[in-house]
Amino acid sequence: MSTGEVYRVDWLPGTDVLHGTCHCGAEHTAQDPVAMWEWMLAHPDGHDPRGNGR
């Protein structure tokens, strides 16, 4: 079964920083890959989706 959820993690070249985008549009940066995935998989806790007026 496909949920249609897409998670994206990009490495910012020249740094130790990862930039993640959740399927809801929220964005987050972290140096620790485990922390990045924990943030993504914790959806919606800690996520502020783009365009929601907050």
At what distance, to the nearest 0.5 angstrom, does CE of M40 lie from OG1 of T21? 6.0 Å
Going by chain and number, the hydrophobic cluster around V17 (ILVMFWY, side chain to side chain under 4.5 Å) further includes L12
Applying ring pair (Phe, Tyr, Trp, His ring centres under 6.0 Å), can you list everything that pairs with H23, at least two apart in sequence or on another chain? Y7, H43
Looking at NE2 of H19 and CE of M36, how far apart are the two atoms once the value is rounded to the nearest 0.5 Å? 7.5 Å
Contacts of type side-chain hydrogen bond (donor to acceptor under 3.5 Å, both in side chains), residue D32, not counting sequence neighbours: none
Can you measure from CH2 (W11) to CG (D16) and round to the nearest 0.5 angstrom? 9.0 Å
